Each structure stands twice: as structure tokens, then as C-alpha cells.
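Counting starts at 1 for both ligands and their atoms, in listed order. Please read all numbers here as calculations on a predicted model, not as lab measurements.
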Amino acid sequence: MTRLMTAASVAAMLASASPLLAQTTMNLAFTPPAESHYGDAGRAFAERIADLSDGAFEVSLRPAGALGGERDVIEGLQIGTVELTISSTGPIGNFVPEVYALDFPFLFKDYDSAHQILDGEIGQELLAKFEPHGIIGLAWAENGFRHITNSIRPIREPADMAGLKLRTMENEVHIAAFRAAGAAPTPMSWTEVLTSLQQGTIDGQENPIPIVTANNMWEIQKNISLTGHVYSPAVVAMSKIHWDNLTEEQQGWFVEAAQAAAAASRATVAENEASGIALMKENGMDVVEDVDKAAFAAAVQPAYDEFADRYAPELIQRIKDAQK
Ligand code: EAX
């Protein structure tokens with residue numbers, strides 16, 4: 001009996017020792033491949049949290065849709081089956097309506113404007129809107145300005161999209177915008193896009209250059225048109241269930257790690273933007289650089305008319321005013 005007691009007392013002692021001995025592993029899910037802007041962000045997060053917690057927290061990256069599409073993962077955060085994610089805001093408006101304001105077409109002028117607004121009052125206000133929905137918005141990372149790829153024809157103006165079966169994110173503003181511009185929009189999770197393009201059930205899709213290059217999309221898409229029609233933020237988010245189990249100090253660690261992830265994503269996007277056009281051309285893509293952006297902006301205006309009043313119209317006006 002004595003020997004068992006000794007073992008039990010040693011076990012109890014270890015368990016009650018500094019929490020740093022008891023390592024907690026958390027999943028961080030995203031849909032792009034491991035070698036991508038989201039992967040760089042995830043690695044930055046994992047390194048920073050391991051450093052700040054002295055190894056008490058380990059983050060396991062789950063790239064390439066391993067835990068499902070972005071909607072699935074957000075639902076996972078809400079019920080606690082997934083701890084962390086880096087996700088485009090595209091589908092998030094379905095959970096946090098105010099976030100729809102960020103995905104309106106031709107709203108952000110350029111990367112600097114987007115960074116200033118997201119890192120300022122407006123962006124921080126929006127992160128706070130997540131918590132009532134069981135999600136903690138930790139920081140604004142970056143997906144990038146979105147462009148249209150397809151395998152049917154070069155697209156220079158909206159008329160070139162007539163009838164094109166174009167995948168969009170599960171975002172009703174994007175669906176309305178592409179329908180108004182003459183395409184045939186098909187919303188679907190990213191996890192189905194590459195197969196759908198290979199099978200020809202869709203003709204094209206729209207995503208930032210980092211997504212195109214990380215997925216070698218020149219293998220399945222002939223054309224890319226640099227429309228830059230939407231600036232796509234990516235949020236670093238955590239399940240509130242898991243957040244609430246942290247001490248205040250530990251919560252601070254997760255915010256700091258998310259900020260490191262955000263900075264890493266922006267750095268990789270800047271790199272990918274600088275080298276991506278040449279890389280796509282080298283791999284045989286026809287890159288249309290002289291897109292008629294004004295014509296696209298006019299063509300998608302009905303999406304503003306239909307949805308701006310529904311999704312925090314004052315927020316859209318504040319974002320526009322902040323860029324004057
Ligand atoms: O977040 O679904 C999309 O097109 C997103 O841009 C992608 O999953 C990265």
C-alpha cells in the first residue's frame with residue numbers, strides 16, 4: 001500500500017506543479033496549404049505562443065482544410081471542437097453580420113489603407129463584435145486583394161464574364177455582385193474548389209495572388225484578371241470556450257501571438273504580390289493587367305444598393321471617409 005501511495009503522491013505532486021509542466025495542445029485550422037501566407041501566419045503564432053508560455057501551449061497547424069471549410073471551422077470554434085483558426089472574412093458575415101461590411105467590392109483603396117483601418121478604431125470595434133457569437137477575434141491577418149481566374153476566356157470588362165460559372169465564397173454580397181456583373185456565381189467552400197475546377201463544374205473562381213500561387217492554380221486555370229475587386233481580410237480567431245479557460249495573462253499571450261501571425265501574413269502577401277505576377281506568367285497563365293476596374297465597380301453597384309443598408313451602412317461610410 002505504501003508503494004502505491006508513493007506513486008499516487010508523486011503523480012499528485014506533478015499534477016499540482018507549475019501548469020507549465022502540463023502542456024496544452026491546440027489546433028489552428030486554415031484552408032490554404034501549409035506553404036502559404038496562412039501557413040506562415042500559423043507558424044508565427046505557434047512560435048510566439050510557445051515562447052511566451054515557456055512551452056505550456058503547443059499549437060498544431062491543420063492546413064489545407066484538414067478540419068473542414070471555413071464555415072465548418074467557425075462552427076467548430078463556437079462549439080469548442082476547434083480552438084483556433086485563420087479564416088478569410090468571406091463566410092464570417094453569416095456568423096457576425098457586421099463583418100460583411102469588410103467584404104464589399106472596391107471598398108478599400110490599397111493595402112496601406114486596409115491595414116490602417118483594420119489596425120485602428122474600426123478594425124478593433126469589429127473584432128469585439130465576434131464575442132457574442134462564441135468567437136474571440138484576436139487580430140486582423142490578411143488574405144489579399146482578390147482577382148478572377150478562369151479557363152474560358154481573358155476577362156477585361158464585365159461583359160467578358162457573361163454566363164461564366166464563377167465560384168464565390170459563401171458570401172451573399174459577393175454572389176449579388178457577380179450576378180449583377182453578368183456571371184453565374186456558385187457559392188462553395190474552398191475545400192471543393194480545386195476539384196470542381198478540375199472537373200469543369202465551374203469555369204473560374206476569385207482569390208488573391210497568394211492563394212493562386214500557393215495552390216499552383218496555373219495547372220487548372222488559364223487566365224487571371226487583376227480586378228482587385230475585393231480586399232479580403234483574414235481574422236485570427238479563437239473559440240470563446242477555450243479562451244474563457246485561460247488566465248488573463250495567458251489571454252494576453254494569445255493576442256500577442258495573433259498579432260505576430262497577422263504581421264507574418266501581411267509580409268508574405270507583400271512578397272507574393274511582388275513576385276506572383278511573374279511566377280504566374282512563367283507558368284503559362286495569361287495575366288490580364290489592363291482590366292477596366294471602373295466598369296467592374298459600376299457593374300457591382302447593385303450589390304451595394306441591395307446590401308449596404310442591411311450590414312452596418314455607417315461602417316461602410318466610415319471606411320470610405322477614412323480613405324479620403
Ligand atoms: O481563406 O474561400 C476562399 O476563397 C478563401 O479566400 C480561402 O479559403 C482562404
Side-chain angles (χ1 to χ4, degrees), residues 28-42 45 61-77 82 84-96 99-100 102-105 108 111 114 118 135 137 139-150 165-175 177-178 183 185-197 202-217 220-221 224-225 227-237 258 261-262 264-266 268-269 272-273 276:
L28 191 158
F30 49 92
T31 55
E35 291 313 310
S36 67
H37 49 331
Y38 285 32
D40 288 347
F45 189 104
L61 301 190
R62 309 302 300 276
L67 298 187
E70 292 185 331
R71 278 189 75 140
D72 305 324
V73 167
I74 293 296
E75 286 163 1
L77 295 190
V82 181
L84 295 154
T85 190
I86 298 170
S87 171
S88 73
T89 47
I92 292 187
N94 300 297
F95 302 89
V96 186
V99 167
Y100 257 118
L102 294 178
D103 271 79
F104 273 69
F108 291 96
Y111 279 106
L118 290 173
I135 308 160
W140 289 112
E142 181 161 87
N143 193 9
F145 276 95
R146 303 179 78 90
H147 307 294
I148 299 170
T149 70
N150 85 94
K165 290 178 287 187
L166 194 75
R167 176 268 177 175
T168 70
M169 293 191 285
E170 295 150 297
N171 177 305
E172 56 183 351
V173 176
H174 293 187
I175 295 164
F178 281 106
T186 309
M188 72 173 71
S189 162
W190 171 258
T191 52
E192 300 164 45
V193 172
L194 298 177
T195 307
S196 301
L197 288 170
I202 51 174
D203 302 318
Q205 62 89 46
E206 45 85 51
N207 246 295
I209 289 174
I211 294 288
V212 174
T213 55
N215 288 285
N216 299 333
M217 291 193 78
I220 49 177
Q221 294 279 263
I224 183 167
S225 301
T227 48
H229 53 275
V230 162
Y231 170 76
S232 187
V235 67
V236 185
S265 67
R266 291 177 180 177
T268 302
V269 169
N272 289 177
E273 289 271 321

A student comparing T168, N207, N171, T85 should find that the heavy atom closest to atom 6 (O) of ligand 1 comes from N207
Selected option - heavy-atom contact closest to atom 2 (O) of ligand 1, from H174, R167, E192 | R167
Ligand 1 atoms in contact with M169 (distance to a heavy atom under 4.0 Å) = 2 (O), 3 (C), 4 (O), 5 (C)
Would you mind running through ligand 1 and noting each atom that sits below 4.0 Å from a heavy atom of Y38?
-> 1 (O), 9 (C)
Side chain H147, main chain P208, donor-acceptor under 3.5 Å = no
For residues T268 and D40, is any side-chain donor paired with an opposing acceptor at under 3.5 Å?
-> yes
Any N or O of N143 that comes nearer than 3.5 Å to an N or O of ligand 1?
-> yes
Among protein heavy atoms, which sits nearest to atom 1 (O) of ligand 1, and what does the distance come to when rounded to 0.1 Å?
-> E70 OE2, 2.5 Å
Would you call Q205 a ligand 1 contact, heavy-atom distance under 4.0 Å?
-> no
Among protein heavy atoms, which sits nearest to atom 8 (O) of ligand 1, and what does the distance come to when rounded to 0.1 Å?
-> T31 OG1, 2.7 Å
Can you check whether R146 has an N/O within less than 3.5 Å of an N/O in ligand 1?
-> yes
Give a yes or no on whether the backbone of S232 and the side-chain of R146 come within a donor-acceptor separation of less than 3.5 Å.
-> no
With D103, which residues qualify under side-chain contact (heavy atoms from CB on, under 4.5 Å), at least two apart?
-> T89, M169, N171, H174, V230, P233
Taking the side chain from S265 and the backbone from Y38, do they hold a donor-acceptor pair closer than 3.5 Å?
-> no
Which atoms of ligand 1 have any heavy atom of I211 under 4.0 Å away?
-> 9 (C)
Decide whether E142 and Y111 meet the rule of one side-chain donor and one side-chain acceptor closer than 3.5 Å.
-> no
For the atom pair CD (E70) and OG (S88), what is the distance rounded to the nearest 0.5 Å?
-> 3.5 Å
